[in-house]
S.K.: 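The structure follows.
Count residues from 1 along the sequence.
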Amino acid sequence: MSATVSFPVPTPDGPRAVTVSYARVGRGEPLLLLHGIGHHRQAWDPVVDILATEREVIAVDLPGFGASPSLPAGLAHDLSTTTAVLSAFCEALELDRPHVAGNSLGGLLALELGREKRVRSVTALSPAGFWSEAERRYAFGVLLTMRQISRRMPLPLVERLARSAAGRTALTSTVYARPARRSPEAVVAETLALAGATGFDETLRSGAAVRFTDDVPGIPVTVAWGTRDLLLVRRQGVRAKQIIPRARLVRLPGCGHCPMNDDPALVARVLLDGSR
């Protein structure tokens, strides 16, 4: 069930109200789900029903993405601010140190919440921040191209392409290894979400200097990488393991950058195992 919540976040000019859209379902220990840049909380739909049998699942639209409005004046769409917003979101929903899982940008945010001891476990699927400079430039170039295409493409064309497996492949093969499995409705919705993401440009700009270089001691950490990730190549997972030596590094065979739709059963098992 979708909902919104507003809560204060401190700024140099005093508190500002931030509004976040989210969906909450299931019973058990809380598990917060964070999507990647340009995506929306529905990226997790393929695994939510499985997770909800054992967890209370809270899937969030990050500020400026999906149904969540951009941050108000005085708050930047950067890593430290978004982490603070997510912490305030958890307080507003009375989530006491939930488990957290994230994909791409969401994986980086999950690790940052773990580093700050705001959560009880972290599962990061192809997290951002473990790239070389060349890998970062490549990924950002791909993301900008995807964004430009989504904004220029008329809705009737998107809908027509989404009706065929070949069209869904053309629209989403950068992030899915098995794009034909994505439903036409989901492909249309996420293309529109990418085109309409008001936080995209500032979030991408702020990420240019981001590297995750700290260990995350004291809590369980799982880092999982798809073997067919075309956006953030899987050798970045080895770097993540070097930086977070106690992390469990998991290989996701046949999965792309957003593995939830490529192999829902496997990804759900990784998330449940990582959040025990």
Side-chain angles (χ1 to χ4, degrees), residues 34-40 43 62 64-65 76-80 82 101-112 123-153 161 167-180 182 187 190-191 193-214 223-244 247 249-263 267:
L34 308 175
H35 62 77
I37 188 170
H39 226 148
H40 55 176
L62 296 174
F65 298 95
H77 285 269
D78 57 20
L79 183 61
S80 61
T82 306
N103 174 223
S104 196
L105 168 64
L108 171 63
L109 290 165
L111 288 165
E112 190 68 14
T123 304
L125 310 177
S126 295
F130 296 99
W131 43 47
S132 67
E133 179 57 21
E135 290 164 350
R136 184 200 64 77
R137 285 198 305 268
Y138 162 76
F140 280 32
V142 171
L143 289 166
L144 282 169
T145 300
M146 292 173 62
R147 163 87 158 168
Q148 290 164 359
I149 291 171
S150 72
R151 298 187 79 181
R152 293 172 183 168
M153 197 175 293
L161 286 170
R168 294 194 294 279
T169 298
L171 288 169
T172 66
S173 61
T174 305
V175 293
Y176 300 122
R178 297 166 177 139
R182 199 76 170 129
V187 168
E190 61 197 19
T191 303
L194 176 58
T198 56
F200 182 94
D201 294 334
E202 189 180 343
T203 300
L204 197 68
R205 279 196 301 271
S206 73
V210 168
R211 302 288 186 281
F212 196 89
T213 58
D214 294 334
V223 176
W225 230 283
T227 61
R228 296 171 61 190
D229 191 330
L230 301 179
L231 189 66
L232 299 179
V233 291
R234 59 179 175 167
R235 63 175 168 265
Q236 295 174 36
V238 177
R239 291 189 200 123
K241 174 69 173 171
Q242 292 167 345
I243 292 166
I244 312 169
L249 181 59
V250 177
R251 181 173 170 268
L252 303 175
C255 289
H257 183 63
C258 298
M260 300 82 80
N261 192 76
D262 288 329
D263 194 336
V267 171

S.K.: Rounded to the nearest 0.5 Å, what separates atom CG in Asp201 from atom OG in Ser206?
M.R.: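 It comes to 11.0 Å.
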
S.K.: For the side chain of Arg168 and the backbone of Ala180, is there at least one donor-acceptor N/O pair under 3.5 Å apart?
M.R.: yes

S.K.: What heavy-atom pair brings Ala177 and Gly254 nearest, and what distance separates the two atoms?
M.R.: CB-O, 3.3 Å

S.K.: Hey, does Glu135 have a side-chain heavy atom less than 4.5 Å from the side chain of Arg239?
M.R.: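 Arg239 reaches Glu135 side chain to side chain.
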
S.K.: For the atom pair CG (Leu79) and CG (Leu108), what is the distance rounded to the nearest 0.5 Å?
M.R.: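 So the CG of Leu79 and the CG of Leu108 are separated by 5.0 Å.
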
S.K.: Taking the side chain as every heavy atom from C-beta outward, state whether Glu112 and Phe212 have any pair of such atoms under 4.5 Å apart.
M.R.: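 When only atoms from C-beta onward are counted, Phe212 and Glu112 do touch, with a gap below 4.5 Å.
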
S.K.: Taking Arg137's backbone N and O only, do any of them form a donor-acceptor pair with Trp131's side chain (distance below 3.5 Å, no angle check)?
M.R.: no

S.K.: Checking the side chain of Arg147 only, and the main-chain atoms of Ala195 only, is there a donor and an acceptor separated by less than 3.5 Å?
M.R.: yes

S.K.: Any idea which heavy atoms bring Pro179 and Thr172 closest together, and the distance?
M.R.: CB-OG1, 3.2 Å

S.K.: Can you check whether Ile37 reaches Leu204 side chain to side chain, under 4.5 Å on heavy atoms?
M.R.: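 Yes, close enough: below the 4.5 Å cut-off.
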
S.K.: Look up atom NE2 in His35 and atom CG in Leu125, then write down how far apart they are to the nearest 0.5 Å.
M.R.: 14.0 Å

S.K.: Taking atom CD1 of Ile149 and atom OG1 of Thr174, what is their separation to the nearest 0.5 Å?
M.R.: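 One gets 8.0 Å once the value is rounded to the nearest 0.5 Å.
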
S.K.: If you compare all heavy atoms of Pro127 against all heavy atoms of Gly107, which two are closest, and at what distance to 0.1 Å?
M.R.: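 Reported closest heavy-atom pair: CB-C, 3.7 Å.
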
S.K.: As an exercise, state the distance from CG of Asn103 to OG1 of Thr123, rounded to the nearest 0.5 Å.
M.R.: 12.0 Å

S.K.: Salt bridge (charged side-chain N to carboxylate O under 4.0 Å, His left out) between Glu202 and Arg205: does it pass, once the steps are laid out?
M.R.: CA-CA 5 Å; Glu202 189 180 343; Arg205 279 196 301 271; 5.2 Å; no

S.K.: Search all heavy atoms of Arg234 against all heavy atoms of Gly226 and return the closest pair with its distance.
M.R.: CB-O, 3.9 Å

S.K.: At what distance, to the nearest 0.5 angstrom, does OH of Tyr176 lie from CG of Asp229?
M.R.: 12.5 Å

S.K.: For His257 and Ser104, which I'm curious about, is there any donor-acceptor pair between the side chains at under 3.5 Å?
M.R.: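 The criterion, which ignores hydrogens and geometry beyond distance, is satisfied for Ser104 and His257.
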
S.K.: Hey, does Leu109 have a side-chain heavy atom less than 4.5 Å from the side chain of Leu62?
M.R.: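 A side-chain contact under 4.5 Å exists here.
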
S.K.: State, to 0.1 Å, how close Phe65 and Ala197 come at their nearest heavy-atom pair, and which atoms those are.
M.R.: CD2-CB, 3.5 Å

S.K.: Arg136 vs Gln236, test: side chain to side chain contact (heavy atoms under 4.5 Å, CB included). Steps then yes/no.
M.R.: CA-CA 11 Å; Arg136 184 200 64 77; Gln236 295 174 36; over 6 Å; no

S.K.: Does any non-hydrogen side-chain atom of Val233 lie less than 4.5 Å from one of Tyr138?
M.R.: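 Tyr138 vs Val233: side chains apart.
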
S.K.: Is the shortest side-chain heavy-atom distance between Val175 and Glu190 below 4.5 Å?
M.R.: no

S.K.: Restricting to non-hydrogen atoms, name the atom on Asp262 and the atom on Gly256 that form the minimum distance, rounded to 0.1 Å.
M.R.: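 Minimum heavy-atom separation between Asp262 and Gly256: OD2-N, 2.8 Å.
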
S.K.: Trp225 side chain to Leu232 main-chain N or O, any donor-acceptor pair under 3.5 Å?
M.R.: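 Yes, because the side chain of Trp225 sits within donor-acceptor range (under 3.5 Å) of the backbone of Leu232.
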
S.K.: Is the shortest side-chain heavy-atom distance between Phe130 and Ile244 below 4.5 Å?
M.R.: yes

S.K.: Under 4.5 Å between any side-chain heavy atoms of Asn261 and Arg178, yes or no?
M.R.: no

